[in-house]
There are 2 protein chains.
Amino acid sequence: MVRQTRQRAAVADALAGLDDFRSAQQIHDLLRGDGIEIGLATVYRTLAMLASEGVVDSIRTPDGEQVYRRCAVTGHHHHLVCRVCGRAVEIDGPGVETWAGRVAAEQGFSDVEHTLELTGVCAQCRGADSGLSPAPK
Amino acid sequence: MVRQTRQRAAVADALAGLDDFRSAQQIHDLLRGDGIEIGLATVYRTLAMLASEGVVDSIRTPDGEQVYRRCAVTGHHHHLVCRVCGRAVEIDGPGVETWAGRVAAEQGFSDVEHTLELTGVCAQCRGADSGLSPAPK
DNA sequence: CATGAACTTGACAATCATTCTCATCAATAA
DNA sequence: TTATTGATGAGAATGATTGTCAAGTTCATG
Ligand SMILES: [Zn+2]
Ligand SMILES: [Zn+2]
Ligand SMILES: [Zn+2]
Ligand SMILES: [Zn+2]
């Protein structure tokens, strides 16, 4: 059975207060910074569990790091992430879903899955495109 | 200036004979197996260079490994990869490109980029979905 | 063809994210 | 309360990728 622990609650809480993707290590630092004692391995384990339950989304940054986010939307969807500040917007692409299925079928593939992520520069960051601090980290 | 070396030619040749994605270490093993002397670091460097030149495509496997493939198509495109045998098919999704641009604009994002990969099970692998050896590695 | 500046190479060390180990702790059913 | 068993965490281990730097090559030039 799955037990309720102080650590798991802490990770969930941390995710609840964020609106962009964070790595396991960042979450760990956040919690430690708040004086919460938790091991790095536990953060990794908890995030992996939440992700497999579908409670949080996880994607890989271009440099291969896994990052997690608790999304407003549940179920399958994609993201549009600001390359500057990290802000993320939920996207659902019905068009993409059907396109993927069709293309796969045409090639004789079945059980198709897909990954799709968009990146760009958000309005706020575009305006202040100097070295200024964009949006809160 | 960029110099022509035995090692770089070897990596290019290896890629030319493959139709699925391979990691730097796999390429290295292949070459060594053929009696070609080359350092692992050189393989990494060469692949990274080829990728940045756009000569080869590289994507990340679900477990975070970078894999490379020399594609028939040049320019921006996506892939449909068989989860069983690794065979890859080039896909170009004009629909997806415009969709991505529109969605980003609606959210006030600019300079949009995207990553998109499809995975599935190819016709051959579906037929023989036992523990049999699917297509040649 | 001979030369040398600059680019390449490769053995090995160093990073770095993530996972594993396993003794200890703690949630919870009874 | 107490036994059972999942959960935790410090530190080791893993594994891909990158950095180091002395020694080897390439090739424009004379
Ligand atoms: Zn932004
Ligand atoms: Zn989708
Ligand atoms: Zn391709
Ligand atoms: Zn296949």
Side-chain angles (χ1 to χ4, degrees), chain A residues 1-15 18 20-53 55-69 81 86 115 117 137, chain B residues 1-15 18 20-53 55-69 81 86 115 117 137:
Chain A
M1 68 164 304
V2 177
R3 293 177 180 172
Q4 169 61 28
T5 68
R6 174 175 55 76
Q7 292 87 339
R8 286 176 186 173
V11 170
D13 284 351
L15 286 170
L18 267 43
D20 50 2
F21 287 90
R22 297 297 175 93
S23 70
Q25 315 223 29
Q26 288 177 312
I27 302 281
H28 181 245
D29 290 346
L30 268 181
L31 294 175
R32 283 298 185 84
D34 287 353
I36 297 169
E37 282 187 31
I38 185 171
L40 182 55
T42 300
V43 175
Y44 272 103
R45 279 188 296 242
T46 304
L47 287 173
M49 165 175 283
L50 291 174
S52 78
E53 287 173 2
V55 179
V56 302
D57 266 19
S58 82
I59 60 180
R60 246 176 224 285
T61 64
D63 37 279
E65 248 187 334
Q66 281 276 11
V67 286
Y68 303 83
R69 179 186 186 212
V81 183
T115 63
E117 298 300 333
K137 245 305 174 39
Chain B
M1 67 166 304
V2 175
R3 293 177 181 173
Q4 168 61 26
T5 67
R6 173 175 56 77
Q7 292 88 337
R8 285 176 187 172
V11 171
D13 283 352
L15 286 169
L18 268 46
D20 50 2
F21 287 90
R22 298 295 176 93
S23 70
Q25 314 222 28
Q26 287 177 312
I27 301 280
H28 181 245
D29 290 346
L30 268 181
L31 294 174
R32 282 298 184 83
D34 288 353
I36 297 168
E37 283 187 30
I38 185 172
L40 181 55
T42 300
V43 174
Y44 270 103
R45 279 187 297 243
T46 304
L47 288 172
M49 167 176 282
L50 291 174
S52 77
E53 287 172 1
V55 179
V56 301
D57 266 20
S58 82
I59 60 180
R60 248 176 222 284
T61 63
D63 36 279
E65 249 187 334
Q66 281 275 11
V67 287
Y68 302 84
R69 180 187 187 212
V81 183
T115 64
E117 298 299 333
K137 244 314 174 32

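Just so we're on the same page: letters track the sequence lines, and every chain starts at 1. Small disclaimer: the values here were computed from a predicted structure and weren't measured.
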To the nearest Å, give me how far apart [atom1] ([X]) and [atom2] ([N]) are.
{"X": "B:Leu40", "N": "C:dT9", "atom1": "CG", "atom2": "C1'", "value": "13 Å"}
{"X": "B:Leu31", "N": "C:dT9", "atom1": "CG", "atom2": "C1'", "value": "14 Å"}
{"X": "A:Glu37", "N": "C:dC25", "atom1": "CD", "atom2": "C1'", "value": "13 Å"}
{"X": "B:Asp63", "N": "C:dT18", "atom1": "CG", "atom2": "C1'", "value": "12 Å"}
{"X": "B:Gln4", "N": "D:dA28", "atom1": "CD", "atom2": "P", "value": "12 Å"}
{"X": "B:Ile38", "N": "C:dT9", "atom1": "CD1", "atom2": "P", "value": "7 Å"}
{"X": "A:Met49", "N": "C:dT19", "atom1": "CE", "atom2": "C1'", "value": "15 Å"}
{"X": "B:Gln66", "N": "C:dA17", "atom1": "CD", "atom2": "P", "value": "16 Å"}

Atom pair CD/CD of B:Glu65 and B:Gln26 - distance to nearest 0.5 Å: 6.5 Å
Interatomic spacing from OG1 in B:Thr46 to OH in B:Tyr68 - rounded to 0.5 Å: 10.5 Å
Please check this pair: side chain of [X] against backbone of [Y], looking for a donor-acceptor N/O pair closer than 3.5 Å.
{"X": "A:Arg8", "Y": "A:Arg3", "result": "yes"}
{"X": "B:Arg69", "Y": "B:Ile59", "result": "no"}
{"X": "B:Arg60", "Y": "A:Pro62", "result": "yes"}

Heavy-atom donor-acceptor pair, A:Arg45 side-chain to D:dG9 base, under 3.5 Å: yes
Donor-acceptor pair (no angle test) under 3.5 Å: B:Arg3 side chain, C:dC7 base: yes
Residue mapping more 5' on DNA chain C - nearest nucleotide basis, B:Met1 or B:Ala41: B:Met1
Respond yes when some side-chain nitrogen or oxygen of [X] is under 4.0 Å from OP1 or OP2 of [N], and no when none is.
{"X": "B:Tyr44", "N": "D:dT17", "answer": "yes"}
{"X": "A:Arg8", "N": "D:dA7", "answer": "yes"}
{"X": "B:Gln7", "N": "D:dT25", "answer": "no"}
{"X": "B:Thr5", "N": "C:dT9", "answer": "yes"}
{"X": "A:Gln25", "N": "C:dA17", "answer": "yes"}

Nearest to side-chain heavy atoms of B:Val2, which nucleotide of C:dT8, D:dA16, C:dG10: C:dT8
